[in-house]
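Input: one structure, supplied below.
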Amino acid sequence: MKFSLAALATGLLPAAVSAAALSVRAAEVESRAITPLTCLVFGDLVSPWWLNRCKDHLDMVVIDLREAAEYATSHIPGSISSPFEPISAWSQMGPGDLLLELPEFSTLTAYLGSIGVGANTKIVLVNGVAVPAFPQAASPRVATTLKFAGLSEGRVSVLDGGFPAWTAESLPVTTAVPTLTPKTFVGSQDRSFLVDINYVAARINKRNQGIFLIDGRDQAVYNGSVLEQWASTPGHIPSAVNIPAQTIWNPDGSFKSTFELLALVRSKVGYGASRSYGEIIVYCGVGGYASSWYFVLTRILGFGGNVKFFDGSAQQWSQVYPDNMTVGNNP
Ligand SMILES: *[C@@H]1O[C@H](CO)[C@@H](O)[C@H](O)[C@H]1NC(C)=O
Ligand SMILES: *[C@@H]1O[C@H](CO)[C@@H](O)[C@H](O)[C@H]1NC(C)=O
């Protein structure tokens with residue numbers, strides 16, 4: 001018996017499937033825009049290349065945190081403008097209230113739904129870059145706010161290097177504003193990482209028990225030679241070490257490497273707190289730079305539930321314990 005290729009093919013494929021029909025099917029599959037494999041990897045930091053390749057393939061909202069005027073001039077196609085303020089409120093508070101506290105949970109979830117964040121939507125945050133690093137710090141602050149709303153690892157990422165990194169790679173920009181499709185966002189409130197002033201007061205001067213406080217402000221503020229407007233007394237919370245958040249980023253606004261960031265933390269905390277033991281409480285002036293360290297420790301360096309966030313920060317501490325601020329450099 002002789003086998004011919006044609007006979008073999010006829011045996012395997014129904015006669016009706018011609019080569020022409022096969023090529024039509026291939027085109028159909030193409031047009032269904034199969035998600036590229038690379039887009040299934042959603043890191044804590046994403047590159048401009050990744051974002052450009054994947055943003056239209058995933059259920060994803062790209063939030064531009066720069067000033068509205070900057071967004072109006074030029075932005076990533078499909079990104080929406082949400083300058084910092086609605087997500088992490090600076091103001092809307094009375095005299096004596098703390099600055100930069102988390103928004104009301106219900107306000108936050110309603111807002112997220114209104115910008116198209118649904119049950120499985122991923123979010124990429126896009127910041128500007130400047131010195132001092134306040135624009136860079138906006139993304140980690142918003143990531144912290146989103147964690148409070150129940151959106152954390154695997155759901156929220158930061159464009160490494162912010163908008164300047166996008167334009168540096170000559171990727172497309174636009175002035176067109178996308179139409180938002182509201183979704184229902186339920187969220188689940190996560191307060192597990194937030195600590196109040198009583199919690200902190202019970203943990204100062206316990207470095208020998210592996211409990212560390214990291215103050216993310218600039219050295220001159222930490223050591224008391226400069227007093228920021230929101231603090232009532234100069235200096236820092238007793239036993240806190242200073243790692244200025246400015247040192248988290250390279251001059252171009254990208255995050256330093258994991259090795260460099262870990263070395264920075266180790267230089268002040270040693271091995272007294274690690275991913276699996278000890279505790280690190282982060283704070284700063286009002287809770288902005290503290291979020292940067294929170295993001296670096298938990299998302300980039302892999303520390304977990306042993307990192308706590310004191311949102312009241314030096315503002316609240318200096319109001320409540322004006323006589324208990326330490327002046328001077330690192331212990
Ligand atoms: C505090 O830090 C600033 C900036 O690094 C420095 O110039 C100043 O000498 C320091 N002051 C004290 C008291 O250590
Ligand atoms: C102030 O600090 C000292 C030592 O740092 C501590 O023993 C004391 O309890 C603190 N007082 C308050 C009110 O926190």
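FYI, side chains are in, hydrogens and waters are out, and symmetry mates aren't considered; it's all heavy atoms of this structure. Indexing begins at 1, ligand by ligand and atom by atom, following the structure's order.
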Point to revise | ligand 1 atoms in contact with Ser225 (distance to a heavy atom under 4.0 Å) | key: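 By the 4.0 Å cutoff, the relevant atoms are 1 (C).
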Check your understanding: Which protein heavy atom lies closest to atom 5 (O) of ligand 1, and at what distance to 0.1 Å?
Key ->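 Protein heavy atom with the smallest distance to atom 5 (O) of ligand 1: Gln219 OE1, 2.6 Å.
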Check your understanding: Any salt bridge between Asp196 and Lys308, counting N to O under 4.0 Å?
Key ->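 So Asp196 does not pair with Lys308 through a salt bridge.
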Point to revise | Summary of disulfide (SG to SG under 2.5 Å) pairs that have at least one residue in residues 188-273, sequence neighbours excluded | key: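 Checked against disulfide (SG to SG under 2.5 Å) - neighbours excluded - no pair reaches residues 188-273.
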**Study point:** is_close_aromatic(Trp293, Phe309), centroid dist under 6.0 Å
**Key:**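 They do not qualify: ring centres at least 6.0 Å apart.
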Review point. Is a side-chain donor-acceptor pair under 3.5 Å present for Tyr111 with Ser82?
Key: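 Side-chain D/A pair, Ser82 to Tyr111: present.
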Check your understanding: Right, does atom 7 (O) of ligand 1 have protein non-hydrogen atoms nearer than 4.0 Å?
Key ->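 So far as the 4.0 Å threshold goes, atom 7 (O) of ligand 1 is out of reach of every protein heavy atom.
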Point to revise | Which residue and heavy atom of the protein sit nearest atom 3 (C) of ligand 1, plus the separation | key: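 Minimum-distance protein heavy atom for atom 3 (C) of ligand 1 reads Asn223 ND2, 3.6 Å.
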Review point. Nearest protein heavy atom to atom 14 (O) of ligand 1, by residue and atom, and its distance?
Key: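 Ranked first by proximity to atom 14 (O) of ligand 1 is Asn329 ND2, 2.8 Å.
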Check your understanding: Any side-chain heavy atom of Leu151 within less than 4.5 Å of one from Ile123?
Key ->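 Answer yes - side chains close enough.
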Check your understanding: Are any of the heavy atoms in Gly328 under 4.0 Å away from ligand 1?
Key ->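 No; Gly328 lies far enough from ligand 1 that no heavy-atom distance drops under 4.0 Å.
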